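Here is the structure we will look at, set down as structure tokens.
Model, not experiment: these values are computed from the prediction. Positions are given from 1 along the sequence.
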Amino acid sequence: MNTDFADRPGPLVTAAEIAKLANVTRAAVSNWRKRYPDFPAPASGVGRTARFALADVEAWLNSQGKTDDGPSPEVLLWQALRARYGDDLVEAVADVADELTTGNSSGLGPDSRAKVHEMARDSSPNEVVDALLARVLASPSRAGAEPMSTPRLTAAVLRFAGPARGKVFDPACGVGSLLLACRGSDEVTLFGQELDPNAARLAACRATLGGGPQVTIRVGDSLRDDQWPDLRADLVVCETPVNASDWGRDELLLDRRWEFGVPTRAESELAWLQHCYAHVAPGGRAVVVMPASAAYRKAGRRIRAELVRRGVLTQVVALPGGMVPSHQQPVQLWSLTRPTDGELVGSHVRMIDLSDHAPGDTLEPDTAHTVDVPAIDLLDEEVDLTPGRYVAAARIDHLADYEAARAAVASRLAELETLLPTITAGPGSLDSAAIKIADLARAGLVEVSGDAVTSTSDRLDTDYLAGFARSAANIKQATSSSGTFRVDVRGARIPQMSIADQRAYGAAFRRLDEFERSVTELARWSRRAVELARDGLARGALRPGPDTAD
């Protein structure tokens with residue numbers, strides 16, 4: 001591959017790459033683009049796809065004195081907070097938020113206070129707090145993450161709660177993530193209560209920094225010491241504390257909130273659920289995060305039955321795992337509605353099963369994931385409210401699904417024979433004249449995104465690049481000496497050859513990729529056919545055909 005580098009355009013970089021180059025956050029780069037008129041304009045793309053000329057970016061960073069080989073202010077601040085506060089991470093972020101709100105936090109040292117204000121100047125106070133909260137959630141020990149709702153869970157609750165109006169209440173608001181996410185309009189007034197004083201303080205600071213509707217947060221144990229006894233809200237949202245054996249059952253046996261039954265000591269989540277419902281105004285609703293086991297545990301059967309029988313429970317949504325910071329188990333959203341006087345209660349409960357969705361999938365349910373179950377069908381000996389149980393039963397047509405899976409297996413088998421390319425003996429080695437992808441990227445001939453490399457020149461074939469980048473030799477180089485696998489496609493070495501030869505190799509690699517995908521599909525459809533056949537035969541939905549006889 002004999003090429004002349006003199007006429008090549010300079011390399012382009014993304015906003016994320018600029019952040020790494022300057023040792024700052026993505027938010028800081030976004031803020032620079034807004035605040036500084038002389039910040040380089042994108043050389044290509046717009047918004048998230050914008051790319052900037054590296055030479056222009058480096059010149060601007062140098063002119064602004066923003067190039068520094070040391071750690072970013074955010075990293076230095078996080079290290080200082082961990083050293084000062086240990087595992088009390090929520091208190092640490094609360095002190096940071098106090099400093100940004102009042103300018104007078106007694107908990108922070110002088111150096112940390114200076115770093116906080118430096119970060120706020122480069123981005124915004126809200127972005128500083130959000131960045132630190134993201135680090136708390138990502139912390140390996142998860143210490144202090146209990147009173148925090150993840151962004152994914154917050155988005156799920158908002159999706160199924162619908163637009164917030166009037167009074168919104170969260171009786172276990174933690175650092176305020178769920179509650180503050182309901183600040184959609186000036187028509188909303190927010191109320192919260194939290195047991196942890198530092199979490200409540202942080203939530204209040206976040207409300208002040210974010211502006212918008214009025215927010216009032218009080219400290220206390222919501223079950224034992226309800227600070228809002230007379231509040232009736234249009235919407236109640238809550239991520240219930242889990243596995244709280246000492247929730248006050250003995251002293252609260254005669255409490256009026258248990259209108260569906262007194263929960264056992266092991267059913268603290270059903271106590272929180274009824275507490276939430278007690279604060280719902282007529283015509284209002286509650287969306288409560290519940291562990292999946294609350295839908296079927298024997299101890300809570302009577303309370304579940306009353307919720308269904310009285311038409312209060314309107315919807316149960318099974319969410320994927322990984323929605324909460326403390327564990328990877330799936331959780332559910334239970335929707336409750338308090339009917340107005342004279343209103344007919346619902347006769348069905350909508351079941352939505354999203355438990356098999358991947359982390360990045362949309363939370364928009366389709367007909368295959370949703371079924372309306374008559375209340376009478378739920379009121380059996382178990383009163384099992386697990387959505388998957390009803391969604392699966394409603395959507396499986398064993399015979400049609402089995403025939404479709406069987407046909408897909410036959411199709412993939414016929415396809416496989418044609419996909420493997422014809423390959424002949426090669427020269428033995430292609431290492432004599434190789435070039436790193438990093439060199440091609442610096443020359444502007446390729447774009448690298450994660451572990452993917454794409455040609456930007458008619459002198460390079462993308463399939464040829466990808467095929468050699470994924471070779472055993474290059475993958476071995478991407479494995480550290482400790483055995484930890486990391487993808488570093490920039491270090492891959494690509495043999496030099498003519499564009500015609502590149503295209504021939506690229507076509508072979510492409511056929512191999514198609515073969516690999518087809519094999520994966522064959523395995524998936526084969527498993528599906530076996531599962532459907534076994535289940536259908538066992539249930540009586542299918543019976544053996546004539547070709548199965550001995």
Side-chain angles (χ1 to χ4, degrees), residues 1-21 29 40-61 418-479 485-518:
M1 183 166 40
N2 297 320
T3 53
D4 180 6
F5 287 87
D7 60 348
R8 294 175 187 167
L12 304 180
V13 290
T14 65
E17 289 168 330
I18 295 173
K20 291 180 180 178
L21 187 66
V29 175
S44 69
V46 294
R48 293 183 179 270
T49 65
R51 300 289 188 273
F52 305 83
L54 176 58
D56 293 344
V57 170
E58 288 178 332
W60 187 86
L61 291 173
T418 67
L419 285 179
L420 274 178
T422 301
I423 296 176
T424 61
S429 175
L430 296 174
D431 293 336
S432 58
I435 187 169
K436 283 188 176 182
I437 287 179
D439 295 329
L440 296 173
R442 279 192 292 270
L445 289 175
V446 300
E447 283 191 357
V448 178
S449 177
D451 61 350
V453 56
T454 306
S455 170
T456 59
S457 167
D458 58 7
R459 288 168 285 188
L460 290 170
D461 181 81
T462 293
D463 292 318
Y464 143 85
L465 291 168
F468 277 104
R470 293 169 57 193
S471 69
N474 280 322
I475 289 177
K476 185 177 181 180
Q477 290 176 357
T479 306
F485 183 77
R486 70 182 192 279
V487 175
D488 185 13
V489 72
R490 291 176 178 271
R493 301 183 69 87
I494 305 299
Q496 300 188 49
M497 60 182 65
S498 69
I499 186 63
D501 287 342
Q502 289 180 42
R503 288 170 180 158
Y505 274 84
F509 283 130
R510 189 165 57 249
R511 291 273 296 277
L512 290 172
D513 287 343
E514 291 170 359
F515 180 83
E516 189 175 37
R517 283 193 292 269
S518 190

Taking Tyr464's backbone N and O only, do any of them form a donor-acceptor pair with Gln502's side chain (distance below 3.5 Å, no angle check)?
no
Using the salt bridge (Lys or Arg N to Asp or Glu O under 4.0 Å) rule, collect all pairs that involve residues 503-512, keeping only residues at least two apart or in two chains.
Asp463-Arg510
dist Asp458:CG -> Ile499:CD1 (nearest 0.5 Å) comes out at 7.5 Å
Tell me the closest heavy-atom pair linking Pro421 and Ala508, and the distance in Å.
CG-O, 4.0 Å
Over all atoms of both residues, closest heavy-atom pair of Ala469 and Ile437
CB-CD1, 4.0 Å
Assign the ring pair Tyr505 / Phe468 to parallel, tilted or perpendicular, where the plane angle (0 to 90°) is split at 30° and 60°.
tilted
With side chains defined as the heavy atoms from C-beta onward, is the minimum distance between Arg470 and Asp513 less than 4.5 Å?
yes
Please report the interatomic distance CG(Leu460) to CE(Met497), rounded to the nearest 0.5 Å.
11.0 Å
How close do Ile494 and Leu465 get, counting heavy atoms only, and between which atoms?
CD1-O, 3.9 Å
Let me confirm one number: the CG-CD distance from Leu419 to Glu516, rounded to the nearest 0.5 Å.
12.0 Å
Mind listing the closest non-hydrogen atom pair of Phe52 and Thr14 along with its distance?
CD1-C, 4.5 Å
State the CG-OG1 distance between Leu445 and Thr454, to the nearest 0.5 angstrom.
13.0 Å
Side-chain donor or acceptor of Thr462 paired with backbone N/O of Ser455 under 3.5 Å
yes
Glu514: what forms a salt bridge (Lys or Arg N to Asp or Glu O under 4.0 Å) with it, not counting sequence neighbours?
none
Please name the pair of heavy atoms, one in Ala441 and one in Val448, separated by the smallest distance, quoted to 0.1 Å.
CB-CG2, 4.4 Å
For the pair Thr456 (side chain) and Glu447 (backbone), establish whether a donor and an acceptor sit closer than 3.5 Å, ignoring hydrogens and angles.
no
